[in-house]
Amino acid sequence: MNDSYAYYNIGNIKYSQQRLDDAIFYYEKAIEANPNDQYSINNLGNCLYDKGDKKQALDCYNKALELDPGYSNAYYNKALCLKDNGQIK
């Protein structure tokens with residue numbers, strides 16, 4: 001198992017416990033181990049969104065989509081973020 005996958009899974013556990021700062025730490029470690037990990041980037045965006053940092057969250061969703069243009073979860077999260085910002089109805 002590579003480090004990126006392990007960090008991603010720990011991040012998911014922390015996120016499910018609403019321990020956002022811990023989840024952010026592990027998603028960032030996953031991205032450090034694999035900068036092309038669109039799943040960790042997307043989930044990092046979810047943590048940032050939940051903490052109220054919608055600009056950084058949107059940057060993460062866009063980066064995840066840049067890496068994988070067919071990643072539907074990132075499109076969904078991006079749309080929610082844009083809707084919450086009043087940028088789409």
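Annotation: salt bridge (Lys or Arg N to Asp or Glu O under 4.0 Å) contacts of Lys54 (sequence neighbours excluded): Asp84. The ring-ring contact (aromatic ring centres under 6.0 Å, His included) search around Tyr71 returns Tyr39, not counting sequence neighbours. Qualifying side-chain contact (heavy atoms from CB on, under 4.5 Å) partners for Asn12, counting only residues two or more places apart in sequence or in other chains: Tyr8, Asn9, Tyr27, Asn43. Residues satisfying the salt bridge (Lys or Arg N to Asp or Glu O under 4.0 Å) test with Asp68, not counting sequence neighbours, are none. Remark: Gln17 pairs with Ile13, Lys14, Arg19 by the side-chain contact (heavy atoms from CB on, under 4.5 Å) rule, at least two apart or across chains. Annotation: side-chain contact (heavy atoms from CB on, under 4.5 Å) contacts of Ala79 (sequence neighbours excluded): Ile88.
Judged purely by atom type and a 3.5 angstrom limit, Tyr75 uses its side chain to pair as donor or acceptor with the backbone of Pro69.
Chaining together hydrophobic side chains whose heavy atoms lie under 4.5 Å apart places Tyr7 alongside Ile10, Phe25, Tyr26.
When every heavy atom of Ser40 is checked against every heavy atom of Ala30, the shortest pair comes out as OG-CB, 3.3 Å. Among all heavy-atom pairs drawn from Tyr15 and Cys47, the shortest one is CD1-SG, 3.4 Å.
Both Ile31 and Leu20 belong to a common hydrophobic cluster when Ile, Leu, Val, Met, Phe, Trp and Tyr are linked at side-chain heavy-atom distances under 4.5 angstrom.
To the nearest 0.5 angstrom, Ile24 atom CD1 is 6.0 Å from Leu44 atom CG. To the nearest 0.5 Å, atoms CG (Asn77) and CG (Asn42) are separated by 4.5 Å.
For residues 27-42, there are no salt bridge (Lys or Arg N to Asp or Glu O under 4.0 Å) pairs, not counting sequence neighbours. Among pairs with a residue in residues 41-53, those fulfilling salt bridge (Lys or Arg N to Asp or Glu O under 4.0 Å) read Asp21-Lys51, at least two apart in sequence or across chains.
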Got a list of side-chain donor-acceptor pairs under 3.5 Å for residues 57-67, not counting sequence neighbours?
from, atom 1, to, atom 2, distance (Å)
Asp59, OD2, Lys55, NZ, 3.4
Tyr61, OH, Gly45, O, 3.3
Tyr61, OH, Asn46, N, 3.3
Tyr61, OH, Asn46, OD1, 2.8
Asn62, OD1, Lys78, NZ, 2.8
Asn62, ND2, Leu58, O, 3.3

